[in-house]
Amino acid sequence: MSAPFSWIRPEPWGVQIVPADCWIDPGRAVDRALVTHGHADHARGGHGETIATPETLAIMALRYRTGIENGEGEMPSKATPVQYGETISLAGGVKATFVPAGHVLGSAQILLEHAGERVVITGDYKRRHDPTCAPFEVVPCDVFITEATFGLPVFVHPPIEQEMAKLLGVLAANPDQCVVVGAYALGKAQRVIAELRAAGHHQPIYLHGAMEKMCRLYEEHGVDLGELRLVADAEKDDMRGHIVVATPAALNDRWSRRLPDPITAMASGWMRVRGRARQRGVELPLIISDHADWNELTNTILDVNPSETWITHGREEALLRWCELGQRKARALAMVGREEEAE
Amino acid sequence: MEEFAALLNALVYTTSRNRKLALIAAYLRETPDPDRGWALAALTGSVDFPAVKANTFRNLLKERVDPVLWTLSRDFVGDTAETASLLWPEGSASSESSPSIAEVVETLSALTRASAPTELPKLLDRLDENGRFALIKFATGGMRIGVSARLAKTAFAQSFDVSVEEVEEYWHALEPPYAELFAWAADGGDPPDVTNRPMFRPFMLAHPLEEEELDLSDYAAEWKWDGIRVQLVRVNGETRLYSRSGDDISATFPEFLDVLPIDAVVDGELMVRGSVQGGETGGAASFNALQQRLGRKKVSKKMLAELPAFVRLYDVLLLEGDDRREHTWERRRKALEALMPRLPTSHFDLSQIVAARDFSHLAEIREGAREDAIEGLMLKRRDAPYIAGRKVGLWYKWKRDPLLVDCVLMYAQRGSGRRSSFYSDYTFGCWDGDPDAGAELLPVGKAYSGFTDAELKKLDKLVRQTTLNRFGPVREVERTLVFEVAFDSIHSSKRHKSGLAMRFPRIHRIRWDKPVHEADRLDNLRSLIRD
């Protein structure tokens with residue numbers, strides 16, 4: 001009998017399931033990949049076969065070339081959809097089950113079972129309510145492979161209602177200006193819009209062009225975003241007193257010159273730290289994150305109660321220390337290429 | 001405290017100067033006394049509670065949070081007050097209402113080192129995160145929120161429609177919470193009476209001379225001495241010595257407290273006797289020597305004897321109750337020259353005028369200045385009055401070009417504030433021999449300026465990718481990058497292993513292209529020493 005969990009092999013660019021000869025969220029093209037969610041640091045094109053939830057596959061189809069390049073051009077690759085709760089059999093007697101992670105539309109944790117051992121890899125996750133995706137489910141396991149993007153005790157995300165009230169308050173106080181909210185194009189933007197609707201804001205919301213397709217995709221998957229308009233189609237003065245949602249990169253770009261006296265907001269977990277907001281010239285920081293905060297990370301480890309915790313990326317030192325203080329076995333995997341700034 | 005906390009937060013997220021002025025002005029108008037006075041004191045860095053230091057809060061937190069988690073958090077956030085305010089256990093909040101600033105001041109003033117650890121938590125428990133941030137900033141001084149003392153005073157002036165020069169004039173004679181200042185500006189009362197106080201008058205400052213050539217019939221030239229700018233004030237027989245920022249440094253240099261024979265306000269450069277600046281006899285030592293006397297609260301007799309200080313005078317502001325600031329530089333200079341024979345030569349001399357035929361001759365003279373360890377030249381408009389602050393066209397500083405050497409990046413440390421989480425402080429070294437024959441690099445200096453934000457990002461990335469070792473917030477990196485480092489002068493130093501200390505080092509250029517073995521050797525640097 002081999003050593004415990006030796007069938008799971010973490011590499012800096014992905015986690016290999018050895019007997020099944022496939023990878024989870026690999027950072028380079030492989031023959032067979034299981035993908036937790038559609039963000040670029042977890043999902044990439046070019047795999048021979050991509051196994052993911054139908055929503056994640058739809059997102060990937062929108063964003064990446066999913067075929068393999070060869071001498072004769074692009075070969076279509078295989079996309080294998082797996083529903084939440086569905087279990088599939090991989091080679092080598094490994095079973096994989098996709099479970100909601102609550103991060104973005106289609107995001108999943110993957111439960112792997114082999115030789116009586118259970119391993120959960122979370123991808124990115126959060127525990128807060130999110131009207132745009134299915135909620136996180138606790139899955140008991142032996143090895144819990146978790147993210148730690150906000151793995152420092154200073155990161156405690158406030159209730160989103162509080163941040164929405166802040167945003168709407170500033171908007172109401174400045175009717176001659178617009179508020180431009182920087183938000184990641186996949187997930188964050190749609191969540192901010194859906195939460196604005198939930199807070200009773202039914203005015204049209206203006207979009208940066210890069211968000212349009214993803215918003216439509218969310219709507220096709222049953223997420224109601226209300227009336228959306230494109231900044232490109234609008235007159236400058238029409239946007240006064242309105243909210244504009246743009247990619248973070250567009251905030252300080254020439255693009256923002258077409259907006260009427262914009263107040264720059266940013267929806268990100270990093271906004272909890274003043275210095276981070278100032279670095280980006282943000283005037284209205286909105287602490288909104290699609291990742292687990294410190295309390296969610298630590299409470300989830302308590303809920304799942306694994307015999308080992310492996311930490312993929314983020315502020316792993318502090319979470320390791322927390323595990324050590326609680327006498328929990330833990331190790332850092334030092335994954336590379338996980339983009340944290342875009343959160 | 002809530003309103004003050006809201007003000008600080010708004011200031012943090014505002015980049016526009018005008019918007020900052022408007023925010024402070026509105027706060028000062030709407031807030032009652034004495035809270036607004038204390039807030040103004042905090043913004044200008046004028047509050048001090050001896051029993052409360054950043055360390056006091058650090059220790060409080062380490063009792064409540066695991067020390068390792070504290071250190072990791074502080075390192076990431078880059079600001080002790082903010083980290084402490086974020087990590088303070090929220091659940092313990094008491095039902096008592098948020099305290100007023102006046103109440104906070106009363107509590108903080110009464111604290112001792114012994115009582116602080118039990119009293120401060122009670123205050124912190126009454127505040128939310130923003131309130132705690134404001135309290136800790138207020139209690140420990142040093143806001144670091146992008147508001148200078150000058151900006152706060154300008155906001156005060158705007159708020160009540162008075163002139164900022166007048167505010168500056170009274171400022172140093174008054175104490176927080178500035179009741180007389182508000183009574184005058186806000187409530188239309190009499191101006192504060194400052195005539196009988198030995199107060200600081202704001203300095204006239206110089207702009208760097210960039211491209212232009214000046215006509216020497218309009219401007220007089222003096223050496224720019226490498227000491228500290230001081231103002232010596234005697235009013236009604238009482239004497240005070242002030243530093244450039246208006247701090248009272250009389251206790252550090254007690255030898256000046258009974259040497260002015262008449263009431264006067266004079267402006268000059270404080271230096272230590274030596275032979276480097278300005279000749280063998282009656283000259284001054286390098287800044288290095290002066291540094292040993294700076295920042296001391298008490299001075300030993302030995303120190304007074306070994307490193308006697310003197311002031312090289314270049315201006316006179318008041319003379320026997322007579323305000324000369326409206327006079328032209330030429331008239332003030334004559335008055336100063338006439339005053340010199342009445343001053344003891346042990347403590348004063350006169351900053352000489354540098355004679356030159358024309359501007360290009362002056363440029364030639366300036367080139368030779370390094371040999372005398374002089375910083376460069378000052379150019380002063382002959383017909384200009386003494387005007388506080390930096391008014392364009394009146395005074396120029398014309399520093400000699402900096403020295404340049406090529407050094408290798410060795411260590412990097414995270415910055416704070418706007419640069420938190422960026423590796424922005426760099427320690428660099430030079431070779432102690434032939435790098436191809438196994439020489440080693442020894443650190444020669446540290447710099448955190450001279451590069452753009454875009455370059456900072458690139459440097460930060462390089463540091464993360466080439467880390468060899470981590471020591472808390474410091475990373476040791478592979479020796480791959482050469483900096484062209486600019487500095488004003490270099491001195492011998494026992495503090496550093498290389499035996500060298502640079503003055504004003506900054507990154508002049510990043511030599512992405514240069515191989516590290518071509519960086520300078522210590523011998524080259526030693527040949528530049530002028531101690």
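Each chain gets a letter, A, B and so on, in the order its sequence line appears, and its residues count up from 1.
The 12-atom threshold is exceeded at CD of B/Gln158, counting heavy atoms of other residues, nucleotides or ligands nearer than 6.0 Å. In this structure, A/Arg331 places its CZ atom where more than 12 heavy-atom neighbours from other residues, nucleotides or ligands lie under 6.0 Å away. Heavy atoms of other residues, nucleotides or ligands lying less than 6.0 angstrom from NZ of B/Lys62 number more than 12.
Listed options B/Thr15, B/Asn9, B/Leu86 were ranked by heavy-atom pairs under 4.5 angstrom with chain A; first place goes to B/Leu86.
The distance from atom CZ of B/Phe76 to atom CZ of A/Arg315, rounded to the nearest 0.5 Å, is 5.0 Å. To the nearest 0.5 Å, atom CG of residue B/Leu69 and atom CG of residue A/Leu325 are 6.0 Å apart. One finds the CG atom of B/Asp75 at 9.0 Å from the CG atom of A/Leu152 (value rounded to the nearest 0.5 Å). Going from atom CD1 of B/Ile145 over to atom CZ of A/Arg278 covers 8.0 Å, rounded to the nearest 0.5 Å. Atom CZ in A/Arg321 sits 9.0 Å away from atom CG in B/Leu72 (nearest 0.5 Å). In this structure, CZ on A/Arg274 lies 5.5 Å from OG on B/Ser85, to the nearest 0.5 angstrom.
Nearest approach of B/Ser73 to A/Val154, heavy atoms of both residues: CB-CG1, 3.8 Å.
Contact of B/Arg470 with chain A is made through the side chain alone, with heavy-atom distances under 4.5 Å. Of the two parts of A/Val282, only the backbone, made up of N, CA, C and O, holds a non-hydrogen atom closer than 4.5 Å to a non-hydrogen atom of chain B.
The residues B/Glu82 and A/Arg272 are annotated as not salt-bridged, no charged nitrogen and carboxylate oxygen being separated by less than 4.0 angstrom.
With a 4.5 Å cut-off on side-chain heavy atoms, B/Arg19 and A/Glu283 do not count as touching.
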